[in-house]
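Structure record follows, encoded as structure tokens.
Computed from a prediction, not measured in an experiment: that's the story for all the values here.
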Protein chains: 2
Amino acid sequence: METIEKLTKTLRSHGMKITPQRLMIFKVLENNSSHPSAEDVYKRVKKVYPAVSFTTIYKTLETLRKLGEVREFTIDDDRKHYDPNTNIHHHAICSTCKKILDVFEDFSPHVKLPDFIEKDYTVSGFQISFFGTCKECN
Amino acid sequence: METIEKLTKTLRSHGMKITPQRLMIFKVLENNSSHPSAEDVYKRVKKVYPAVSFTTIYKTLETLRKLGEVREFTIDDDRKHYDPNTNIHHHAICSTCKKILDVFEDFSPHVKLPDFIEKDYTVSGFQISFFGTCKECN
DNA sequence: TCGTAATTAACAATCATTTTTATTTATTAT
DNA sequence: ATAATAAATAAAAATGATTGTTAATTACGA
Ligand SMILES: [Mn+2]
Ligand SMILES: [Mn+2]
Ligand SMILES: [Zn+2]
Ligand SMILES: [Zn+2]
């Protein structure tokens, strides 16, 4: 995700408006590496704007996704998670506490599709999920 | 997933019963590499047993998952998919038609967590998702 | 063949997300 | 600064996959 100032310009240039709710959502996401769900974002925005609605959170997250400012993904299958870091990276997921750690190692020199598949399939990228247990849960 | 004969014994040894519905679900899953959703399985079973209920499909898939006979996973976030191949392998997902190809290459010699993370995290395995476009959609 | 626990089908409930709608607000032009 | 208006908001209802409940049926060991 860009800085909030740049993001503001990006939204304006798309005919979108800057509202206090949106600014607060941006602040929650800025430099956030906790991979929050919509509910996590909602709870944090609610502390400052108790009247904020879930709809606004969902709509704004979807807006940011469309703009390519956040990435959407699922670990467990019941809740979407959002990642404001859109650079290519991988994840380590603790199966106990479900915490998601970023893994910034570049594996691309070693991870390639076998040739016989690559003939039939154009790869644009890959994503590795490491499964295991974090220090606190061990 | 084991062969249907072995699976039958496994279920019986757990005090479970073999019903025509279950046998049909096993047949649908046997050697199935299409990564079907519960609905996909339902539709195929329905052709032979039009009165079968969705509940039975879900319950049986969950039973198989608990027995370690199928693996559950999500590509897009709105539907679970089931894989009767429980050996470690990876996937290539066509972003257009959502088809899921199996990738059996062993990447484990090259894919390791960086040391500074490995200190805090015990890895039990990893899963790679390749994104791209299949031949038909290209 | 019978008894009984497991399974089934039908239905209701749940829960995350999406859609709808009327009201409010941010921004642009006057 | 004010007004016009398109976009965003909050509240509420709808959706859709999955799970839970229940009464009736069925598999299968005794
Ligand atoms: Mn991340
Ligand atoms: Mn597979
Ligand atoms: Zn943990
Ligand atoms: Zn395709």
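Between the P atom of C:dT17 and the CZ atom of A:F73 lies a distance of 13 Å, rounded to the nearest Å. If you measure from atom NZ of A:K46 to atom P of D:dA10, you get 10 Å, rounded to the nearest angstrom. A:L23 has its CG atom 12 Å from the C1' atom of C:dA26, to the nearest Å. Rounded to an integer number of Å, the gap from A:M16 CE to C:dT28 P is 15 Å. Rounding to whole angstrom units, OH of residue A:Y42 and C1' of D:dA10 are separated by 10 Å. One atom, OH of B:Y49, and another, C1' of D:dT26, lie 13 Å apart when rounded to the nearest Å. Rounded to whole Å, atom P of C:dT8 lies 10 Å from atom CG of B:L11. The distance from atom CD1 of B:I75 to atom P of D:dA17 is 14 Å, rounded to the nearest whole Å.
Nearer the 5' end of DNA chain D, as judged by each residue's closest nucleotide, is the contact made by B:D78, out of B:D78 and B:R12. Remark on DNA chain C: of its neighbouring residues A:Y58 and B:T60, the 5'-side contact belongs to B:T60, judged by nearest-heavy-atom nucleotide. When each of A:P20 and B:A38 is assigned the nucleotide of DNA chain D bearing its nearest heavy atom, the one mapping closer to the 5' terminus is A:P20.
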Does the salt bridge (charged side-chain N to carboxylate O under 4.0 Å, His left out) test come out yes or no for B:E30 and B:K27, once each step is laid out? CA-CA 5 Å; B:E30 193 177 38; B:K27 271 186 201 158; over 6 Å; no
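For A:T55, the side-chain atoms get nearest to D:dA11 when compared with the rest of D:dT18, C:dA10, D:dA11. Side chain of B:K17, nearest nucleotide from D:dT21, C:dT27, C:dA5: C:dA5. Side-chain proximity of A:R22 to the nucleotides C:dT27, C:dA16, D:dT9 is greatest for D:dT9.
Inter-residue side-chain proximity for A:R22 and A:M16 is flagged as met; some heavy-atom pair is nearer than 4.5 Å. Residues A:V123 and B:F131 have side chains not in contact (no heavy-atom distance under 4.5 Å, counting atoms from C-beta outward).
With hydrogens and angles ignored, no donor-acceptor pair closer than 3.5 Å exists between the side chain of A:K80 and the base of C:dA16.
Between B:Q21 and C:dA9 there is a side-chain polar atom (N or O) within less than 4.0 angstrom of OP1 or OP2. Distances shorter than 4.0 Å separate some side-chain N or O of B:T56 from OP1 or OP2 on C:dA9.
Classification of A:E136 and A:K99 as a salt-bridged pair holds, one side-chain N sitting under 4.0 Å from a carboxylate O.
Among the protein residues, A:T19 comes within range of the sugar-phosphate backbone only, with heavy atoms under 4.0 Å from sugar or phosphate atoms but none that close to a base.
The minimum heavy-atom distance between B:I128 and B:H90, with the atom names listed, is N-ND1, 2.9 Å.
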